[in-house]
Amino acid sequence: WQDASTYIFPPKHHALDIYTTHDSFLAHIRSQIGHNHVATIYPPAAQLIFKLAYGVHPSLLSLRVLLVLSDLLLMVGLVALLKHFQYSPFWIIFYALHPLVIFEVGHGTHLDTWGSCAMIWGFYLYKKNRYFFSAVCMSLGGWIKLIPWIPMSFIGIKLFRKRLTLGKAFYYYIIGFSLVSALCCLPFIQEIPYVNQDHGLYAYGTRWRFNDGLFFVCYTIIKSFLKF
C-alpha cells in the first residue's frame with residue numbers, strides 16, 4: 001500500500017501535490033507513504049504512467065488495470081520471441097500462470113511490467129533488424145525502470161562493433177535512444193533546481209539499501225578492509 005500510494009500520489013505530481021494541501025483525505029494518503037518527506041525518484045516515463053493512471057481515475061484500480069494491460073502486451077511479445085526462436089508458444093503458460101507474477105502485477109502494483117514489456121519488444125525488434133524501433137522501446141523501458149538499459153548497452157556495443165557490415169544500424173540505434181530520452185526528460189527539466197538533500201535522487205544515491213541482508217555482509221567486509 002505504501003508503494004502504491006506513492007505511485008498514485010507522488011510528492012511532486014503534476015496533477016496533485018499532497019505535501020502542500022490540507023485536505024483530510026490527502027493527509028491520510030500521505031500518512032500511508034513510507035519516507036513521505038522524500039520526493040519521488042521514479043524515472044520520467046514512470047511518472048508519466050502514474051499521471052496517466054491518475055488522469056483515468058485517482059485510484060489503485062486504474063493503475064492496476066494499466067499494469068495488467070502491460071503484462072498482456074509483455075506476454076504477446078514473449079510469444080513473438082518464442083516463435084522467432086522456433087519454440088512452442090505454449091511455453092508462455094509458465095509465465096502467465098506464475099503465482100508471483102499474478103500477485104505482483106495484480107496486487108503489488110509494481111511498475112516492472114511496463115519496463116519489462118518495453119524491453120521484450122525492444123529485443124524482438126532487434127532480432128527483426130528494426131534497430132531504430134528497438135532503441136525506442138529499450139530506451140522507453142529504461143526511462144520506466146532503468147534495467148532495460150543493461151541489455152540495451154550490450155546491443156549498442158554489438159552494433160558499434162559491426163557498424164561496418166550493418167551500415168547505419170548503430171546510428172539509428174543512437175537516434176532512437178536520444179529521441180525518446182529527450183521527449184521523456186524535457187517535461188521534468190524544471191525540477192532540476194529542486195534536487196537537494198530532501199530529494200529522492202539524493203536519498204536514493206546516498207542512503208538507500210537493496211537486499212539489506214546482503215548489503216550488511218558487503219558493508220561489513222568493505223568496512224573491515226578500509227580500516228587497514
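Residues: numbered from 1 along the sequence shown. It should be emphasised that the depicted structure is a prediction, and the values quoted were computed from it without experimental measurement. The figures here come from the full heavy-atom set of this structure, side chains too, leaving out hydrogens, waters and symmetry mates.
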* Given the rule in the side chain to side chain contact (heavy atoms under 4.5 Å, CB included) test, do L159 and Y172 qualify, once you have shown the distances and angles that lead to the verdict? -> CA-CA 10 Å; L159 292 177; Y172 287 143; over 6 Å; no
* Looking at side-chain heavy atoms only, is the closest gap between V76 and W121 below 4.5 Å? -> yes
* Quick one: closest heavy-atom pair of C117 and L73, and the distance? => SG-CB, 3.6 Å
* Path from M138 to I150 over hydrophobic side-chain contacts below 4.5 Å -> no
* Same cluster (ILVMFWY, side-chain, under 4.5 Å), V65 and V56 -> no
* To do: Indicate yes or no: at least one non-hydrogen side-chain atom of K128 is less than 4.5 angstrom from one of H84.
  => yes
* To do: Can you see which heavy atom on L111 is nearest to which on A46, and at what distance?
  => CD2-CB, 3.2 Å
* To do: Might you point out which heavy atoms bring W143 and P44 nearest each other, and give the distance in Å?
  => CE3-CD, 3.4 Å
* Apply the test side chain to side chain contact (heavy atoms under 4.5 Å, CB included) to residues L81 and Y87: give CA-CA distance (whole Å), side-chain angles for both, the deciding distance (0.1 Å), then the verdict. => CA-CA 8 Å; L81 275 176; Y87 288 103; over 6 Å; no
* Hey, quick one: are W91 and L97 part of the same hydrophobic cluster, counting side-chain heavy atoms closer than 4.5 Å, chains of contacts allowed? -> yes
* **Spatial distance of atom CE (M119) from atom OG1 (T113) [nearest 0.5 Å]** => 11.5 Å
* Roughly how far, to the nearest 0.5 Å, is CD1 of I147 from CG of D112? -> 8.5 Å
* L72 atom CG, neighbour heavy-atom count above 12 within 6.0 Å -> yes
* **N/O donor-acceptor pair under 3.5 Å between T165 side chain and K162 backbone** => yes
* Asked: Tell me, do P43 and L146 make a side-chain contact under 4.5 Å, heavy atoms counted?
  -> yes
* Asked: Do the side chains of Y173 and M152 get nearer than 4.5 Å, heavy atoms only?
  -> yes
* Asked: When you look at Y131 and L125, which way does the side chain to side chain contact (heavy atoms under 4.5 Å, CB included) test go after all the steps?
  -> CA-CA 7 Å; Y131 302 115; L125 291 168; over 6 Å; no
* Mutual orientation of the aromatic rings belonging to F177 and W149 [parallel < 30°, tilted 30-60°, perpendicular > 60°] -> perpendicular
* Greater than 12 external heavy atoms within 6.0 Å of R161's CZ -> no
* Side chain S62, main chain A53, donor-acceptor under 3.5 Å -> yes
* Pairwise distance OG(S153) to NZ(K158) - rounded to 0.5 angstrom -> 13.5 Å
* Is it possible for you to say whether I120 and F85 belong to one hydrophobic cluster, with membership spreading through side-chain heavy-atom contacts below 4.5 Å? => yes
* Asked: What closest approach, in Å, do G115 and P148 show between heavy atoms, and which atom pair accounts for it?
  -> O-CG, 3.5 Å
* **Crowding at OH, Y171 (>12 non-hydrogen neighbours, <6.0 Å)** => no
* Say whether I174 and F154 are linked into one hydrophobic cluster, either directly or through other cluster members, by side-chain heavy-atom distances under 4.5 angstrom. => no
* **C184 to L140 - nearest heavy-atom pair and separation** => SG-CD1, 4.2 Å
* Asked: Under 6.0 Å between the ring centres of F170 and F160?
  -> yes
* **Nearest heavy atoms of S116 and L74, plus distance in Å** => CB-CD1, 3.4 Å
